[in-house]
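The model shown is predicted, which means the values in this text are computed figures rather than measured ones. Residue numbers begin at 1 in each chain, while the letters A, B, ... track the order of the sequences.
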There are 2 protein chains.
Amino acid sequence: MLDHPAVEDIDLTTILAALGDPIRLAILGDLARSTGTALCCADFRELTSKSNLTYHIARMREAGIVHVEPSGTRRLISLRRADIDSRFPGVLDAIIANAIALPSPFGPEGCGLQ
Amino acid sequence: MLDHPAVEDIDLTTILAALGDPIRLAILGDLARSTGTALCCADFRELTSKSNLTYHIARMREAGIVHVEPSGTRRLISLRRADIDSRFPGVLDAIIANAIALPSPFGPEGCGLQ
DNA sequence: CGCTTAGTTCAATGTTTATTGAACAAAGGA
DNA sequence: TCCTTTGTTCAATAAACATTGAACTAAGCG
């Protein structure tokens, strides 16, 4: 539980598959928009249900895209941006640059975050 | 049949999902390595079976990643690099740069091309 | 201690995906 | 015209994926 792959074990196919889903791409966008502020699962509640979020965030964690750290009753989610960039230079940055501009797949009001 | 999405209909999630598969990422790598030479389905035969190639190449075509053009008894496959770059700048280039370096998922001898 | 907030686990369900092999179609060369 | 090469279609199948809701755990607060 809460296993994070080592940098050298991060796989490009797995990263792309993990981001090839509207909910997870929206999570990526939210995380990228909020650099500095740590987000927790509850911050993504407008995207889907609690248990479904557990599922999607676990997929991103297992792919090596996010780091999840328990903090009291919550889990702080952060991007492993430097890790992915060192392993696959430019890939995550390019995706983020485009994902940030994307409208939220769940209504024009966005996800509520910034 | 042989429907290609218009540039403005190309979707980032769909592209990432299409490339989040070892066979399709290998096809992308082969195409990127062979700029100048047009490839046909048969050039990917070391990756999987004929009918499975039809399936994977159709997915890439429907995602807007490749253009497929009949030519005699074959189909010439080419990357829609400029199209994707105009829609999602940098994304495909970054993925290609990393995919090219990737070992073929099907044996150290690579795919036989190049 | 009891309540609330945050998130997980689990089983169930329906959908999509990947893969196979056999049968088929279409173009080109001998 | 027959044969070969190239690729498609189709049905079947197994596996992976996404989604739900109910039950649960764990931490913090009053």
Side-chain angles (χ1 to χ4, degrees), chain A residues 1-4 11 13-28 30-31 37-63 65-78 104-106 111-113, chain B residues 1-4 11 13-28 30-31 37-63 65-78 104-106 111-113:
Chain A
M1 204 245 230
L2 286 205
D3 235 37
H4 295 80
D11 173 60
T13 308
T14 308
I15 288 187
L16 299 178
L19 295 179
D21 173 277
I23 290 186
R24 296 192 292 263
L25 202 56
I27 291 175
L28 178 73
D30 288 349
L31 287 170
T37 324
L39 296 186
C40 61
C41 299
D43 291 321
F44 306 110
R45 283 308 312 284
E46 35 286 295
L47 294 175
T48 181
S49 68
K50 270 204 305 182
S51 58
N52 196 227
L53 268 184
T54 297
Y55 167 72
H56 284 295
I57 290 173
R59 285 214 51 172
M60 295 179 79
R61 173 177 52 76
E62 286 158 13
I65 296 170
V66 299
H67 182 256
V68 183
E69 203 198 337
S71 162
T73 120
R74 15 191 111 182
R75 310 253 161 141
L76 300 182
I77 323 280
S78 54
S104 170
F106 309 95
C111 71
L113 290 166
Chain B
M1 201 245 234
L2 285 204
D3 236 36
H4 294 81
D11 171 62
T13 307
T14 309
I15 287 187
L16 298 178
L19 296 178
D21 172 276
I23 290 186
R24 296 192 291 265
L25 202 57
I27 291 176
L28 177 74
D30 287 350
L31 286 170
T37 324
L39 296 186
C40 62
C41 300
D43 291 320
F44 306 110
R45 284 308 314 285
E46 35 286 297
L47 293 176
T48 179
S49 70
K50 269 203 306 181
S51 58
N52 195 226
L53 267 184
T54 297
Y55 167 72
H56 283 296
I57 289 172
R59 286 214 52 171
M60 296 179 79
R61 173 178 50 76
E62 286 157 13
I65 297 169
V66 299
H67 182 256
V68 182
E69 204 200 336
S71 163
T73 119
R74 20 190 107 179
R75 310 254 160 141
L76 300 183
I77 324 280
S78 54
S104 171
F106 310 95
C111 73
L113 287 168

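Comparing atom distances between the A/Ile23 side chain and each of D/dT19, C/dT5, C/dA18 picks out D/dT19 as nearest. With C/dG7, C/dT19, D/dG7 as the choices, the nucleotide that has an atom nearest any side-chain atom of B/His56 turns out to be C/dT19. For B/Arg75, whose side chain is taken as the heavy atoms from C-beta onward, the closest listed nucleotide among D/dT19, D/dT8, C/dT19 is D/dT8. Of the listed nucleotides (D/dT20, D/dG7, C/dT19), D/dG7 has the atom at the smallest distance from the side chain of B/Ala42. The side chain of B/Thr54 lies closest to D/dT9 when the candidates are C/dT9, C/dA18, D/dT9. Taking the side chain of B/Arg59 as heavy atoms from C-beta on, and the options C/dA18, C/dA6, D/dA18, the nearest nucleotide is C/dA18.
Rounded to an integer number of Å, the gap from CD of B/Glu69 to C1' of D/dG7 is 15 Å. Atom CE in A/Met60 sits about 15 Å away from atom P in D/dC17, given to the nearest Å. Distance CZ (B/Arg74) to P (D/dT4): 17 Å, rounded to an integer number of Å. Whole-Å rounding puts the B/Phe44 CZ to D/dT8 P distance at 12 Å. Taking atom CG of residue B/Leu76 and atom P of nucleotide D/dT5, one finds them 19 Å apart after rounding to whole Å. Note: CG (A/Leu2) to C1' (C/dT8) measures 10 Å, nearest angstrom. Per the geometry, CG belonging to B/Leu53 stands 16 Å off C1' belonging to C/dT17, to the nearest Å. In this structure, A/Tyr55 places its OH atom 15 Å from C1' of C/dC10, rounding to the nearest Å.
Between A/Thr73 and D/dC29, a side-chain N or O to OP1/OP2 separation shorter than 4.0 Å is absent. Residue B/Arg24 has a polar side-chain atom (N or O) positioned under 4.0 Å from OP1 or OP2 of C/dA18.
Distance check, rounded to the nearest 0.5 Å: CG of B/Asp43 to CG of B/Leu76 gives 9.5 Å. Once rounded to the nearest 0.5 Å, the distance linking CG of B/Leu53 with CZ of B/Arg75 reads 13.0 Å.
Nucleotides of DNA chain D nearest to A/Lys50 and A/Ala17 differ in position, and the one nearer the 5' end is that of A/Ala17.
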side-chain contact (heavy atoms from CB on, under 4.5 Å) between A/Cys41 and A/Ile77, intermediate numbers included:
CA-CA 7 Å; A/Cys41 299; A/Ile77 323 280; 4.1 Å; yes
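The base of D/dG21 lies close enough to the side chain of A/Ser51 for a donor and an acceptor atom to sit less than 3.5 Å apart.
For the residue pair B/Pro70 and B/Leu2, the shortest heavy atom distance occurs at CG-CD1, 3.5 Å.
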Please list every donor-acceptor pair under 3.5 Å in which a side-chain atom of residues 17-28 of chain B meets a protein atom from a residue at least two apart or in another chain.
| from | atom 1 | to | atom 2 | distance (Å) |
| --- | --- | --- | --- | --- |
| B/Asp21 | OD1 | B/Ile23 | N | 2.9 |
| B/Asp21 | OD1 | B/Arg24 | N | 3.1 |
| B/Arg24 | NE | B/Ala18 | O | 2.6 |
| B/Arg24 | NH1 | B/His56 | ND1 | 3.0 |

